[in-house]
Structures are given as structure tokens and as C-alpha cells.
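Starting from 1, each residue takes its place in the sequence as its number.
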Amino acid sequence: QVQLVESGGGLVQAGGSLRLSCAASGLTFSYYTIGWFLQALVKEREFVAAISWSDGRTFYADSVKGRFTISRDNAENMVYLQMNSLKPEDTAVYYCAADYKGAYYRMVGSYDYWGQGTQVTVSS
């Protein structure tokens, strides 16, 4: 059974930092592109960042470029999202997702498995 479990969310002041973690189990992790998505209240889920399964390339939404960094540890089946210079508009539930040999990393529908999400709240 595939499981993705996010952790590391919380309440932080604007300008602060958080590091989200995504622990994966039940899949051959190195074959999966891993993405982070956010969903704010009454809004659709949207792409934040992704890291490729094949060569480790990273991709970011324009809104987080220069502030967020995605990384992976295939030996530990972990993916991380380092979030710096947080803004109130970053407030959302953050989800990690896995896409088998995925290439269309920005598309919600491309991903095969999803975690339950972790809440990030940035106060002004």
C-alpha cells in the first residue's frame, strides 16, 4: 500500500521559514517524480514545486521561485520543501504527490498518489 505522509507544517510569522517533509512508502521511490501542491480555502489545488525522478531537475511555480527549494533523498524515500521568506499568501494546506516516471509535473491529474496534507499558516 502506497503512503505519502507530510509533516512540518505550522504557524509562522511573515518572513519566517518552514521545512516540509514527505515520507513515502510502498513504492519504488526513485521512479517517481514528486510534487508539492497547495490548496487554500475555496481555491483549487495548485502546483508549487516538483523534482524529477530521472535526473533530479527541479521546477517551481513563479510565485515561489527564489524562496522555496525542493530536494529528495532516494535512500530515505524522503522529499523536502524548504520554504523561506514566507508570506501570508502562502497560507494553505500543502500536499505532496507522486507521479510514476512523471513528466507533466505541473498537472494535478498526472499524479498517482497523494498525501493527506499539512497546514501552513503565515501570519502578517
Side-chain angles (χ1 to χ4, degrees):
Q1 181 181 358
V2 175
Q3 278 194 312
L4 300 175
V5 180
E6 302 95 336
S7 60
L11 173 64
V12 64
Q13 287 190 327
S17 298
L18 283 174
R19 188 195 195 204
L20 304 185
S21 299
C22 174
S25 60
L27 73 172
T28 305
F29 185 73
S30 60
Y31 286 162
Y32 284 79
T33 287
I34 304 296
W36 284 97
F37 290 77
L38 65 83
Q39 189 164 18
L41 281 175
V42 300
K43 290 190 176 181
E44 293 189 350
R45 199 164 294 188
E46 62 184 66
F47 171 75
V48 176
I51 186 163
S52 170
W53 71 277
S54 56
D55 55 10
R57 279 188 302 164
T58 57
F59 310 92
Y60 297 94
D62 288 344
S63 59
V64 307
K65 277 181 185 175
R67 299 190 298 125
F68 291 11
T69 303
I70 188 171
S71 61
R72 68 189 295 161
D73 182 342
N74 285 347
E76 298 293 331
N77 286 11
M78 295 290 295
V79 171
Y80 305 97
L81 186 68
Q82 178 67 43
M83 306 189 297
N84 298 329
S85 303
L86 282 162
K87 305 175 181 180
E89 51 263 44
D90 295 321
T91 295
V93 177
Y94 284 72
Y95 299 88
C96 69
D99 181 10
Y100 180 71
K101 295 188 177 179
Y104 301 102
Y105 51 90
R106 292 181 181 269
M107 296 174 58
V108 170
S110 294
Y111 287 81
D112 305 300
Y113 304 103
W114 291 83
Q116 82 290 346
T118 185
Q119 176 70 47
V120 171
T121 303
V122 184
S123 63
S124 56

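Rounded to the nearest 0.5 angstrom, R19 CZ and T69 OG1 are separated by 11.0 Å.
The backbone N or O of G117 lies less than 3.5 Å from a partner atom in the side chain of E6, making a donor-acceptor pair.
Residues passing the side chain to side chain contact (heavy atoms under 4.5 Å, CB included) test with T121 are L11, T91, Q119, sequence neighbours excluded. Considering only residues two or more places apart in sequence or on other chains, Q3 meets the side chain to side chain contact (heavy atoms under 4.5 Å, CB included) condition with S25.
Across all their heavy atoms, P88 and A14 have their closest contact at CD-CB, 4.1 Å. When all heavy atoms are compared, the tightest approach of G56 to I51 is O-CG1, 3.6 Å. Residues S110 and D99 approach most closely at O-OD1, 2.8 Å, considering heavy atoms. Pairing each heavy atom of A97 with each of L4, the nearest pair is CA-CD1, 3.8 Å. When all heavy atoms are compared, the tightest approach of S30 to N74 is CB-ND2, 3.9 Å. Of all the heavy atoms in N84 and S17, the pair that sits closest is OD1-OG, 2.9 Å.
Grouping the Ile, Leu, Val, Met, Phe, Trp and Tyr side chains by contacts below 4.5 angstrom, directly or via other members, places L18 apart from M78. Note on Y95: it does not cluster hydrophobically with V64, by side-chain heavy-atom contacts below 4.5 Å among ILVMFWY residues. L38 and V12 fall within the same hydrophobic cluster, defined by Ile, Leu, Val, Met, Phe, Trp and Tyr side-chain heavy atoms under 4.5 Å apart, directly or through other members. Cluster annotation: I34 is connected to V2 through the hydrophobic network of ILVMFWY side chains, with a link wherever side-chain heavy atoms come within less than 4.5 Å. When the side chains of ILVMFWY residues are joined at heavy-atom separations under 4.5 Å, either directly or via intervening members, V108 and I70 end up in two distinct hydrophobic clusters.
Counting only residues at least two apart or on different chains, the ring pair (Phe, Tyr, Trp, His ring centres under 6.0 Å) pairs with a member in residues 1-39 are Y32-Y100, F37-F47, F37-Y111, F37-W114. Annotation: salt bridge (Lys or Arg N to Asp or Glu O under 4.0 Å) contacts involving residues 69-97, sequence neighbours excluded, comprise R67-D90. Residue pairs meeting the salt bridge (Lys or Arg N to Asp or Glu O under 4.0 Å) criterion with at least one partner in residues 36-56, sequence neighbours excluded, are D55-R57. Note on residues 50-93: pairs passing ring pair (Phe, Tyr, Trp, His ring centres under 6.0 Å), not counting sequence neighbours, are F59-Y105.
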